[in-house]
**Q** 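Let me begin by handing over the structure; questions about it come next.
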Amino acid sequence: MNELRDLYQEVILDHRKKPRNFRPMEDADSQAEGHNPLCGDQITIFLKVRNGVIEDVSFQGDGCAISMASASLMTEVLKGKTPQEAEDLFGKFHDLVTDNGTHRGEGASLGKLEVLAGVKEFPMRVKCATLAWHTLHAALEHKNQVVTTE
Amino acid sequence: MTIGNIATKVPTAGRLFDIEQVRADFPILQQHVHGKPLVYLDNAATAQKPRQVIESIGHYYQWDNANIHRAVHQLSERATQAYEAARNKVQRFINAAQREEIVFVRGTTEAINLVAQSFGRNRLQAGDEILLSHMEHHSNIVPWQLLCEQTGAVLKVVPINDAGELLLDEYEKLLSPRTRLVTMVHASNALGTISPVREIIELAHAQGVPVLLDGAQAVPHMPVDVQELDCDFYAFSAHKMVGPTGIGVLYGKREWLEAMPPYQGGGDMILSVSFDKTLYNDPPYKFEAGTPHIAGAIGLGAAVDYLEALGMENVAIYEQELSAYAAEVLAQIPGLRFIGTAQEKVGVLSFALEGVHPHDIGTILDHEGIAIRTGHHCAQPVMDRFGVPATARASFALYNTKAEVDALAAGIRRVRELLG
């Protein structure tokens, strides 16, 4: 039961109920769609990059508590970061939720994203936690195809 | 070969069979998951196996392992005998007229692909129509889409109502002189709905149209008699009926199987081969190319023995009672909505919990030791029909109990506590 509490922490439940930056963006520079065909989760990430930094990021979608909270938290930490810093953060976040021992150097700190550390005890849920990040990656690369977790 | 004692009918105290004795036959049910007794309610995905099935497979590999139909030695003789005995058991189980009408395949999916390619490919042409329902499993959609790409035929989808029941009058309207085949689920894996198969078949036959039934979710839960149904093809898998994975059955009427070309080449499907001409074997061997899943077929035979000892009528009554109880108990949970409320159902309860994604339900229930399925159940068109991306699904087998249903209900209340 402790593991469950770690997974569904108050912060996660709060973000699920009141997702931050949950809106479409009319003047986005790029957007990408992510899809987890196994659970039916769908997410769209909107991105505005100006002067080399992420000026605004938002999302819309429908999914489980983990995928929605992860997306919400992600949009909160990305503003003001460079695309490279965002990619580095994705790497570190991936390590966090998969309990991967590799340390991907210093740089951007995970900060509030660490509330998702409980996911590592639930390997089946890693895809939920990383869907938003995979989709962000596609948006940064200006890829137009739909991202899937499969 | 002896396969141990099978739990027998105990017609006392209103009980159809001794459920505790049945449960004792399934070693996997004796374990704990996350410190809680395992409550396995993902039977529509695959059912657990009784000791008798597991032992029959072990016996084959330990004592009789040899290839079949080829050698003259003792082991091959025994293996052949056991493999063909399994065919007889399946014939009896679904009451096929002849043993030659039972083709061993890998499972329901391969059975459907076999019919699509072997029956459909030569017979269908551009503009021909294949009729199926809105609640088909992907495996009874995609093989036909492949066939349509190859032949120019088109799929026609019979709609369902909000309860998840096939609209028979719409079906009747869609049946046309262009219809070449009706392929329909007998019992839906996502909704539990039992299709009105007798009417479906009668209406199709009145127009000379053959019918394939996807029986994957029907055979484990009710008596099935292919002669009484008068279906032309019937497909099902062993692993959903307490048998092993990787083996299943295509039943086909003899005259169809005779007329169909082989599906795959090699091994038992030939009589003689020269570089000029190959003579094909008769059904069912014409469709069993290569070394088959001998152990699987033997395990399937043991599963048939097991189910027959309990009696499929009894299994059906027991599971119906259990799922009626579950529907009643779960209906009392605030915010719970059933997806699929047909009058005629097998023990499949698909549901949505207001404000909670099925995956979160699945994870929390797992921590209570309860295994259910969450997702689209390989039936995305049905999910679209009901406007949900996924559902949580509890599905029952003959070894489940009311106490397990109570555990499920308590688990769902726990989900509410945690996620609000």
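Within every chain, numbering begins at 1; the chains are lettered A, B, ... in the order of the sequence lines, protein sequences first and strands thereafter. Values reported hereafter were calculated over all heavy atoms of this structure, with side chains retained and with hydrogens, waters and symmetry mates removed.
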**Q** Would you name the heavy atoms of K17(A) and L419(B) that are closest together and state the gap between them?
**A**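 What the structure gives for the nearest pair is NZ-O, 4.2 Å.
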
**Q** Please output the residues of residues 59-66 of chain A in contact with chain B, using a heavy-atom cutoff of under 4.5 Å, in numerical order.
**A** D62(A), G63(A), C64(A), A65(A), I66(A)

**Q** Tell me if a side-chain donor or acceptor on R125(A) pairs with a main-chain N or O of T363(B) at a distance below 3.5 Å.
**A** no

**Q** Would you indicate whether R23(B), at its atom CZ, is surrounded by more than 12 heavy atoms from other residues, nucleotides or ligands within a distance under 6.0 Å?
**A** yes

**Q** So which of M124(A), R16(A), M68(A) has the largest heavy-atom pair count under 4.5 angstrom toward chain B?
**A** R16(A)

**Q** Among residues 43-56 of chain A, which ones touch chain B with a heavy-atom distance under 4.5 Å?
**A** none

**Q** Pick whichever of I12(A), L7(A), D41(A) has the most heavy-atom pairs under 4.5 Å with chain B.
**A**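 Among the listed options, the one with the most contacts to chain B is D41(A).
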
**Q** Would one find more than 12 heavy atoms of other residues, nucleotides or ligands at under 6.0 Å from atom CD of Q332(B)?
**A**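 Above 12, so yes.
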
**Q** Within a 6.0 Å radius of atom CZ on R20(A), are there more than 12 heavy atoms belonging to other residues, nucleotides or ligands?
**A** yes

**Q** Between I364(B) and Y8(A), is a side chain to side chain contact (heavy atoms under 4.5 Å, CB included) present by the stated rule, with each step listed?
**A** CA-CA 10 Å; I364(B) 294 166; Y8(A) 293 111; 3.6 Å; yes

**Q** In Å and rounded to the nearest 0.5 Å, what is the CD to NE2 distance from E121(A) to H367(B)?
**A**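 E121(A) atom CD to H367(B) atom NE2 measures 8.5 Å (nearest 0.5 Å).
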
**Q** Can you check whether anything in residues 347-359 of chain B gets within less than 4.5 Å of chain A, heavy-atom wise, and list it by number?
**A** G355(B), V356(B), H357(B), H359(B)

**Q** Please name all residues satisfying side chain to side chain donor-acceptor pair (under 3.5 Å) with T183(B), sequence neighbours left out, ordered by chain then number.
**A** N140(B)

